[in-house]
Amino acid sequence: DKGNFRHFMAKEIHEQPEVVGHTLAHYLDLASNQVALPDLPFDFANINRLSLSACGTAFYACLVAKYWFERWAKLPVDVDIASEFRYREIAMDPGGAALFVSQSGETADTLASLRYCREQNQHVLSVVNVRESSIARESDGVLPTLGGPEIGVASTKAFTCQLTVLACLAIAAGKARGTIGPELEAELVEALVEVPRHMAEILRDESPYEELAHSLSKARDVLYLGRGTSYPIALEGALKLKEISYIHAEGYAAGELKHGPIALIDESVPVIVIAPRDELFDKTVSNMQEVAAREGKIVLVSDADPASVGCAVQTTLAVPTVHPFVSPLVYAVPVQLIAYYTAVFMGTDVDQPRNLAKSVTVE
Ligand code: M6R
């Protein structure tokens, strides 16, 4: 049932404040501002690497998680696309830890990677939205996302719920490894608790997205740029746009611009820059200036004042100021809306895009 929405995707985008809130309530103790995770199949204090694998949007959730685990828990993380991981014949130290992320819990490559890890005597943990799925059944531990059924082929609420669980897990890892003390834990938990409110604020006025769709729909190629945890959000934004509008889009780490993609920039290429005003903001601004100097049309997704960037910004999509830890959760929403409104304007089948299946159970 789509309720009052035109598409399941719109309904699922709008459910995010609620389902992220549910997921947070499940993994946090809100009274004490602490994480409250179930028993895990391994102790973060006793591992020296964590291996993450997944496909598509779930893979991008893993990429964000890598930044979190490395920064906040000082835990080295390997992230792999499951279809690559499964055939790489990776040597793994027995007793290591592997984490799999999947909305459906049935993705063939992710399941095969999980089985490979089991053969390598890894402790297997999974983050799934479907609790009765194969991936959940074959894991030593399961952390469910509480997103509810996701019908739209383009993943939205499942992604932000995956990020929510992974954020809680990263805090738990930091606690276990002694890199997060009580004060920092409370700070990060409080930041997470604010996420549903920030999401709701973005969803209060979607008219800037509707308007942007007119110009984006004319583009042949769109570039998404971001640094740090905004880099996987740039990748996710590009994937969403490709999937439902069929416009060619690429996500790049902003620092990679001059290593190739800058050759594509001219006045016909919209460049969507995911740039929260964080410690990397000034670096991203200089990339924006390089784009503007070549007449690229900048769409700035940020809490910053566009007048402060010293170059022409065509459109600004304003995002509330948030703690840098949670910015990928909040900035996921604007990139979903960009793709959604562009696809709606172009009249594509938003919920059932051509050639795609909701669950990819064959490789
Ligand atoms: O069910 P899974 O999370 O394992 O699915 C993984 C990908 O197939 C999925 O995220 C896909 O990329 C979506 N269509 C993204 O919108």
Side-chain angles (χ1 to χ4, degrees), residues 7-13 15-16 19 23 52-65 79-86 98-115 117 124-139 142-166 224 232-247 249-251 328 332-333 335-340 342-343 348-363:
H7 299 101
F8 280 108
M9 186 179 177
K11 175 173 177 259
E12 289 160 2
I13 288 173
E15 279 171 356
Q16 291 176 111
V19 293
T23 305
L52 305 183
S53 30
C55 300
T57 287
F59 169 69
Y60 298 144
C62 293
L63 275 183
V64 172
V79 186
D80 270 282
I81 293 168
S83 56
E84 288 299 315
F85 181 91
R86 64 180 292 192
L99 175 62
F100 299 90
V101 179
S102 173
Q103 187 284 130
S104 62
E106 300 297 346
T107 299
D109 285 319
T110 311
L111 183 57
S113 300
L114 180 156
R115 288 177 177 158
C117 286
V124 170
L125 182 62
S126 63
V127 174
V128 296
N129 198 39
V130 180
R131 286 194 207 206
E132 305 75 28
S133 58
S134 307
I135 288 176
R137 258 194 325 269
E138 297 189 27
S139 299
V142 181
L143 301 173
T145 47
L146 279 72
E150 189 180 66
I151 310 295
V153 165
S155 185
T156 54
K157 63 175 179 172
F159 177 61
T160 46
C161 286
Q162 287 162 354
L163 290 179
T164 302
V165 175
L166 292 167
Y224 286 73
I233 299 306
L235 295 171
E236 169 64 1
L239 177 65
K240 244 29 357 148
L241 190 71
K242 277 189 271 228
E243 283 189 299
I244 62 172
S245 75
Y246 316 141
I247 295 173
E250 296 296 335
V333 178
V335 300
Q336 295 165 355
L337 292 173
I338 291 170
Y340 176 74
T342 305
T348 56
D349 188 346
V350 170
D351 285 333
Q352 291 262 286
R354 67 186 185 201
N355 307 340
L356 296 176
K358 182 66 187 159
S359 174
V360 184
T361 54
V362 290
E363 64 174 305

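Just so you know, ligand 1 is whichever comes first in the structure, and atom 1 is the first atom listed for that ligand. Not measured: the values here are computed from a predicted model. Only this structure's heavy atoms are used, side chains among them; waters, hydrogens and symmetry mates stay out.
- Atoms of ligand 1 found under 4.0 Å from any heavy atom of Ser104, numbered from 1 in the order shown, are 1 (O), 2 (P), 4 (O).
- Looking from atom 9 (C) of ligand 1 to the surrounding protein, the closest heavy atom is Thr57 N, 4.1 Å.
- Of the protein's heavy atoms, Cys55 O, 3.3 Å lies nearest to atom 6 (C) of ligand 1.
- Considering backbone and side-chain N/O atoms, Lys358 never comes within less than 3.5 Å of an N/O atom of ligand 1.
- Heavy-atom proximity to Lys240, at under 4.0 Å, picks out these atoms of ligand 1: 15 (C), 16 (O).
- For Ala154, the closest heavy-atom approach to ligand 1 falls below 4.0 Å.
- Comparing heavy-atom distances from atom 14 (N) of ligand 1 across Glu243, Glu236, Gln336, Met9 singles out Glu243 as nearest.
- The nearest protein atom to atom 4 (O) of ligand 1, hydrogens excluded, is given as Thr107 OG1, 2.4 Å; this is a heavy-atom distance.
- A side-chain donor from one of Lys240 and Thr57 sits under 3.5 Å from a side-chain acceptor of the other.
- Considering backbone and side-chain N/O atoms, Gln162 never comes within less than 3.5 Å of an N/O atom of ligand 1.
- In the model, Glu106 has a side-chain atom that pairs as donor or acceptor with a side-chain atom of Ser134 under 3.5 Å.
- In this model, a donor atom of one side chain and an acceptor atom of the other lie less than 3.5 Å apart for Gln16 and Gln336.
- Taking atom 3 (O) of ligand 1 as the reference point, the nearest protein heavy-atom neighbour is Gln103 N, 2.6 Å.
- Look at Glu138 and Arg115 and you find a salt bridge, because one of the NZ, NE, NH1 or NH2 atoms lies within 4.0 Å of a carboxylate O, short of that distance.
- Geometrically, ligand 1 and Val153 share a nitrogen or oxygen pair separated by less than 3.5 Å.
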**Prompt:** Going through the checks in order, is the side-chain contact (heavy atoms from CB on, under 4.5 Å) test met by Phe159 and Ile233?
**Reply:** CA-CA 11 Å; Phe159 177 61; Ile233 299 306; 3.8 Å; yes
**Request:** Decide yes or no on side chain to side chain donor-acceptor pair (under 3.5 Å) for Ser139 and Ser126, but give the supporting numbers first.
**Result:** CA-CA 6 Å; Ser139 299; Ser126 63; 2.9 Å; yes
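- Electrostatic pairing of Arg86 and Glu363 counts as a salt bridge here, judged by a charged N lying under 4.0 Å from a carboxylate O.
- At the top of the distance list for atom 8 (O) of ligand 1, counting protein heavy atoms only, stands Val360 CG2, 4.1 Å.
- For the salt bridge (charged side-chain N to carboxylate O under 4.0 Å, His left out) with Glu150, the lone residue among Lys157, Lys358, Lys11 that qualifies is Lys358.
- With a 4.0 Å cut-off on non-hydrogen atoms, Glu106 does not touch ligand 1 at all.
- Judged by distance alone, with hydrogens and angles left aside, the side-chain atoms of Ser113 form a donor-acceptor pair with the main-chain N or O of Ala82 at under 3.5 Å.
- Residue contacts with ligand 1 do not include Leu356, since none of its heavy atoms lies under 4.0 Å from the ligand.
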